Chemist: 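Have a look at this one.
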Amino acid sequence: MEDAFSKPYDPQATEDRIYKKWLESGFFNPDNTPTFPGQETFSIVLPPPNVTGTLHMGHAAMLALEDIMVRYHRMKGDKTLWLPGTDHAAIATQSKVEKILEKEEGKRKRDLGREEFLKRVEKFARDSHDTIVSQVRKMGSSVDWSREAYTLDEQRNLAVRTAFKRMYDDGLIYRKNRVVNWDPKGQTTISDDEIVYESRKAKLYTFKYSAEFPIAISTTRPETKVGDTAVAVHPSDERYQEYVGKEYEFVFAGVPVRVRIVADESVEKDFGTGALGVTPAHSQIDWEIAQRHSLPEKQVINEYGKMAAGSPELDGKKTTEARAIIVEWLKSNNLLLEEKEIDQNVATAERTGAIIEPLPKLQWFIDVNKEFVIPYSNITGIPSGSATTLKKLMKAVVENGQIEIIPERFDKIYRHWIDNLRDWCISRQIWFGHRVPVWYRDGGEIYCDIEAPEGVDWKQDEDSLDTWFSSGLWTFSTLGWPERTKDLETYHPTSVLETGYDILPFWVARMILMTTYLLGDIPFKTVYLHGLVRDAQGRKMSKSLGNIIDPVDMIAKYGADAARMSLVVGTGPGNDMKLSEDKIKGYKHFANKLWNIARFVTSNAPASSGQRPELDEYWSAKADELEAVANEVTENIEKYQFHLAADKLYHYLWHEFADNMIEQSKLDLKDPAKQEMAAWSLRRILETNLKLLHPFMPFITEEIWGILYGDGKLLMIEKWPTNAA
RNA sequence: GGACCUAUAGCUCAGCUGGUUAGAGCGUUACAUUGACAUUGUAAAGGUCAGAGGUUCGAAUCCUCUUAGGUCCACCA
């Protein structure tokens, strides 16, 4: 009996030691792995986790799936790079630190000032980074740490400035005063994608501005009506035709208001009274109507969500208080015609939870519809030197099949998102992030470049950029762009992007936008989307529900191999997965089973010369079966059916190899005529299975490999046991 | 309002382009076992594949509709 096999298998005593061995080997870095003739490249960038804290089970699933692909390709002999990094996550990190600061010291960021506050955020980000790195290691991820990147480091900052400058020069980035989504709590604008709609009950009030005014209108926000500058009706609505073009002046809730009646196609005849009070400064849609009819805008709510309408009675009041006052005023003046409860979706900010206040603001935008000439293009259907738009580029690469999305159904969702895409507001009024590379000087001078302008009295724009601007560059900024490095040439476009389907629009689409524009190429060939990890009842894991399963706890209890298997088996691409502790436990049992199989084989089947002996009918059939399993597993991995591959190996090892073949060998090993054949077969089948299982359960397979062949050779670079692709 | 997903054993899910008698794990029950196995084996019970219709020699699988649960997008003043 070999002492090397503890009883039972102890992942705790094994995993960290094995990971160290891998690190020391240097094989995570493709520059160090042996090269083969005709070798292909396989590259993945790790979706950078936000430095807002610790990793959750979703990250663990991502790491497991990517490591499977990476280890498989490395063993196949491909030049394989998995590039890790973290994301500064601008607004998310800043608001997290703000919360901590307020809770622990009762201070706000302005009490510290920009510089001091940023130091705090950076310290927090560094700590989070260190935690994340140690968790990524715990999972067994074979990432190339020598190429680690951060979305806010020097190199990435240069990439951001370069990208901004190019878009600015092409006229794709512009600055404009427009109604944007203002988060009164976070004191910043946010993009459409950072809005979460909450359904609530609201009251829809139908009223007239004044007794003389001929048309009644409906609204859920009477307080904004002091900012109305028009009433819009549908051009074909006979009820209101006679009023179109007329102007009215009156005093509404103590505020002088002047409205013009306009005809606009966007008005629904059947909604409410069929007439819409137009408030250009506080509604996206009204702003657009105002543009079409050259209507003035009148801001009546300020950045703090308080009234500023030029009325002593209303000013300084919260919008909800002002609403009550105005409703009272309507009632007492007999102007309120109807009050009805309706269901309404309220826009709230994803990070702070505050209700979004649409406000006109001077902001930076990316124009997704503006034509520009693309100097170089590797995109099918869009020749170099042709005129195109960002939207067209984003659509083309998915429609022409250059990028494949798995599962397929998500490309519909992607296209739909593109169709609805409006100009992207990229400036944020937060301190943490990439500062807008634009400088101003008295006299209205504006300067945009990669480096700051020479000379005094230039002032840099105070705003920073949306975090997705920098993560959109991730596949190539990590490889050295804007420099034309060897890495960029070798590993870009990347092979696969593996991420959760929930960030398809945020991140995947933005990477496609940035890469097609800046490189004239795709960022990746395949997008593999995994689902959300939910609890055993199918609920989202959240702090408030207290149903979070922490990957670190699970690894400590059951080992990383077990945790990985539990996140892979039983779940196809794009489907949410339910996870329970029992499931992880089950795979710990499996690890132990494998451990005992290895113990049995080493102590009962002595290593042979390697020459294949004559096999009888039983063992010959088993040899064929092994080959079939290896081919099937390979095929499943190639087709991104990792759950099938893992499940197959689980059953084959436990119920074929252990229950059947080992039992048979117990008889054969006692028979001198069959002994060698049985021993050889056991060895060979175990060996092949260790290779096949390595991408899924890297630690235990590597450990057993080391015990079997104490020559220091690593399983992680053994040749994959099939040639079939 | 638009789109998508899911529905298979008590529970969690496989079942790839339609092809014998629909599978696994957990759970349940019976028996065996101190062993390569703390975490074992053998077997049993358990299914109108959500419902209805259609295509087909043949449907869990393809099509249509219905029902239930879930998700995303749009944002209606």
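Every chain is numbered from 1, with letters handed out A, B, ... down the list of sequences. Quantities reported herein were computed from a predicted structural model and do not represent experimental measurements.
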Chemist: Using Watson-Crick or G-U wobble geometry with both distances under 3.5 Å, which nucleotide pairs with U55(B)?
Modeler: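 Paired with U55(B), as far as the under-3.5 Å criterion goes, is no nucleotide at all.
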
Chemist: Give none if G47(B) has no partner; otherwise give the nucleotide forming a Watson-Crick or G-U wobble pair with it, both distances under 3.5 Å.
Modeler: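 Across all strands, not a single nucleotide pairs with G47(B).
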
Chemist: Which value, in whole Å, describes the distance between the P atoms of nucleotides U48(B) and G10(B)?
Modeler: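 Between the two P atoms, the distance is 8 Å.
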
Chemist: With a 3.5 Å cut-off and just heavy-atom distances, do the side chain of N420(A) and the base of C73(B) make a donor-acceptor pair?
Modeler: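 For N420(A), whose side chain was compared with the base of C73(B), there is no donor-acceptor pair (under 3.5 Å).
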
Chemist: Take the protein atom OH of Y650(A) and the nucleotide atom C1' of A24(B), then report the distance between them rounded to whole Å.
Modeler: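 Roughly 9 Å, once rounded to whole Å.
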
Chemist: What's I285(A) touching, base or sugar-phosphate or nothing? Going by heavy atoms closer than 4.0 Å.
Modeler: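 Sugar-phosphate, no base atom in range.
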
Chemist: Picking from U39(B), A36(B), G25(B), which would you name as closest to the side chain of R599(A)?
Modeler: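 Closest of the options to the side chain of R599(A): A36(B).
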
Chemist: Is the distance from the ring center of F642(A) to that of Y72(A) below 6.0 Å?
Modeler: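 When the ring centroids of F642(A) and Y72(A) are compared, they turn out to be at least 6.0 Å apart.
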
Chemist: Can you tell me how far C1' in G1(B) sits from the matching atom in G58(B), rounded to whole Å?
Modeler: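 One C1' to the other, the span is 42 Å.
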
Chemist: Find the partner of C11(B): check Watson-Crick (N1-N3 plus N6-O4 or O6-N4) and G-U wobble (N1-O2, O6-N3) distances, both under 3.5 Å, and reply none if neither fits.
Modeler: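 For C11(B), the partner nucleotide comes out as G25(B), under the 3.5 Å rule.
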
Chemist: What's the shortest heavy-atom distance between N689(A) and L653(A), and which atoms?
Modeler: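 Taking every non-hydrogen atom into account, OD1-CG, 3.7 Å.
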
Chemist: Looking at A38(B), C75(B), A36(B), which one has an atom nearest to any side-chain atom of K593(A)?
Modeler: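 Closest nucleotide to the K593(A) side chain: A36(B).
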
Chemist: It should be established whether N636(A) places a side-chain nitrogen or oxygen under 4.0 Å from OP1 or OP2 of nucleotide C16(B).
Modeler: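 Indeed not, no polar side-chain atom of N636(A) lies that close.
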
Chemist: Which word best sums up how the rings of F250(A) and Y209(A) line up, parallel for under 30°, tilted for 30 to 60°, or perpendicular for over 60°?
Modeler: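 Because their plane-to-plane angle is under 30°, the rings of F250(A) and Y209(A) count as parallel.
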
Chemist: Measure from CG on L644(A) to P on A14(B) and round the result to the nearest Å.
Modeler: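 From L644(A) CG to A14(B) P: 9 Å.
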
Chemist: Rounded to whole angstroms, how far apart are CZ on F410(A) and C1' on C4(B)?
Modeler: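 After rounding, the reported distance stands at 8 Å.
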
Chemist: Looking at A36(B), G25(B), G15(B), which one has an atom nearest to any side-chain atom of H655(A)?
Modeler: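 Out of A36(B), G25(B), G15(B), the nucleotide with an atom closest to H655(A)'s side chain is G25(B).
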
Chemist: Can you see whether D668(A) engages Y618(A) through a side-chain donor-acceptor pair at a distance of less than 3.5 angstrom?
Modeler: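 No.
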
Chemist: With both distances kept under 3.5 Å, what pairs with U61(B), Watson-Crick or G-U wobble?
Modeler: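 Its partner: none found.
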
Chemist: Is the backbone N or O of V233(A) less than 3.5 Å from a side-chain atom of D264(A), with the two atoms forming a donor-acceptor pair by type?
Modeler: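 Side chain of D264(A) to backbone of V233(A): no pair is present.
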
Chemist: Could you state the CG-C1' distance from L529(A) to C72(B), rounded to the nearest angstrom?
Modeler: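 About 13 Å, once rounded to whole Å.
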
Chemist: Confirm from the modelled atom types if E663(A) and A36(B) form a donor-acceptor pair under 3.5 Å, side chain to base only.
Modeler: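 Yes.
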
Chemist: Below 6.0 angstrom between ring centroids: does that apply to F207(A) and F252(A)?
Modeler: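 Ring centres of F252(A) and F207(A) closer than 6.0 Å.
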
Chemist: With sugar-phosphate meaning primed atoms plus P, OP1 and OP2, does I662(A) contact a base, only sugar-phosphate, or nothing at under 4.0 Å between heavy atoms?
Modeler: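 Base contact - I662(A) has a heavy atom under 4.0 Å of at least one base atom.
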
Chemist: Under 4.0 angstrom, heavy atoms only, what part of the nucleic acid is D582(A) near: base, sugar-phosphate, or nothing?
Modeler: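 No contact.
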
Chemist: In whole Å, what separates the P atom of U42(B) from that of G27(B)?
Modeler: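 It comes out at 15 Å once rounded to the nearest Å.
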
Chemist: Which nucleotide, in any strand shown, forms a Watson-Crick or G-U wobble pair with G69(B), with both distances under 3.5 Å?
Modeler: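 Pairing partner, where one exists within any strand: C5(B).
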
Chemist: Select base, sugar-phosphate, or nothing to describe what D502(A) touches, counting heavy atoms under 4.0 Å on all strands.
Modeler: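 Since no nucleic acid heavy atom lies under 4.0 Å of D502(A), the category is nothing.
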
Chemist: Ignoring the backbone of D659(A), work out which of G25(B), G41(B), A36(B) is nearest its side chain.
Modeler: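 Nearest to the side-chain atoms of D659(A), counting from C-beta on, is G41(B).
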
Chemist: Would you mind telling me which of A14(B), A3(B), A36(B) lies closest to the side-chain atoms of K412(A)?
Modeler: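 Nearest to the side-chain atoms of K412(A), counting from C-beta on, is A3(B).
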
Chemist: Below the 4.0 Å mark, does U39(B) have OP1 or OP2 next to a side-chain nitrogen or oxygen of K588(A)?
Modeler: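 Checking U39(B) against K588(A), no side-chain N or O comes under 4.0 Å of OP1 or OP2.
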
Chemist: Classify V601(A) by what it touches in the nucleic acid, base, sugar-phosphate, or nothing, heavy-atom distance under 4.0 Å.
Modeler: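 The answer is nothing, as V601(A) stays clear of every strand by at least 4.0 Å.
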
Chemist: A22(B) and G47(B): how far apart are their P atoms, nearest whole angstrom?
Modeler: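 One P to the other, the span is 12 Å.
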
Chemist: Measure OH/Y414(A) against P/A3(B) and give the value in whole Å, please.
Modeler: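 Roughly 21 Å, once rounded to whole Å.
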
Chemist: Using atom P in both nucleotides, what's the gap between A68(B) and G51(B) to the nearest angstrom?
Modeler: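 Those two atoms are separated by 15 Å.
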
Chemist: Can you check the distance between G18(B) and A60(B), where both ends of the measurement are the P atom (answer in whole Å)?
Modeler: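 It comes out at 13 Å once rounded to the nearest Å.
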
Chemist: Report yes if the distance between the aromatic ring centroids of F696(A) and Y650(A) is under 6.0 Å, otherwise no.
Modeler: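 Ring centroids of F696(A) and Y650(A) are no less than 6.0 Å from each other.
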
Chemist: Who does C16(B) pair with, Watson-Crick or G-U, both distances under 3.5 Å?
Modeler: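 Pairing partner, where one exists within any strand: none, as none qualifies.
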
Chemist: Can you check the R409(A) CZ to G2(B) P distance for me, whole Å?
Modeler: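 Those two atoms, CZ and P, are 21 Å apart.
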
Chemist: Pick the C1' atom in A38(B) and in A45(B), then give their distance to the nearest Å.
Modeler: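 One C1' to the other, the span is 29 Å.
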
Chemist: Between A59(B) and U21(B), how far is it from one P atom to the other, in whole Å?
Modeler: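 Comparing P positions in A59(B) and U21(B) gives a spacing of 11 Å.
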
Chemist: Could you tell me whether the side chain of H530(A) and the main chain of P573(A) form a donor-acceptor pair under 3.5 Å?
Modeler: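 No.
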
Chemist: When the ring planes of Y243(A) and Y240(A) are compared, do they come out parallel, tilted or perpendicular, using 30° and 60° as the limits?
Modeler: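 The arrangement is tilted - the two ring planes meet at 30° to 60°.
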
Chemist: Round to the nearest Å and state the distance from W654(A) atom CH2 to C26(B) atom P.
Modeler: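 It is 7 Å, rounded to the nearest whole Å.
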
Chemist: Using a strict heavy-atom distance below 4.0 Å, which residues from residues 219-235 of chain A are in contact with RNA chain B?
Modeler: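 When residues 219-235 of chain A is checked for heavy atoms under 4.0 Å from RNA chain B, the hits, listed by number, are T219(A), T220(A).
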
Chemist: Grab the CD-P distance between E408(A) and C5(B) for me, whole Å please.
Modeler: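 Distance, rounded to whole Å: 11 Å.
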
Chemist: What pair of heavy atoms forms the shortest contact from Q12(A) to I555(A), and how long is it?
Modeler: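 Heavy-atom minimum between the residues: OE1-O, 3.7 Å.
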
Chemist: How would you label the contact of A347(A) with the nucleic acid (heavy atoms, under 4.0 Å): base, sugar-phosphate, or nothing?
Modeler: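 Here A347(A) touches no strand at all.
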
Chemist: So what does R415(A) touch, heavy atoms closer than 4.0 Å: a base, only the sugar-phosphate, or nothing?
Modeler: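 Nothing, no nucleic acid heavy atom in range.
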
Chemist: For S566(A) and K583(A), indicate whether the former's side chain and the latter's backbone hold a donor-acceptor pair under 3.5 Å.
Modeler: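 A pair under 3.5 Å: no.
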
Chemist: Pick base, sugar-phosphate or nothing for F590(A), based on heavy-atom distances below 4.0 Å to the nucleic acid.
Modeler: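 Nothing, no heavy atom under 4.0 Å.
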
Chemist: If pairing requires Watson-Crick or G-U wobble contacts with both distances under 3.5 Å, which nucleotide is the partner of A32(B)?
Modeler: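 Partner of A32(B): U40(B).
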
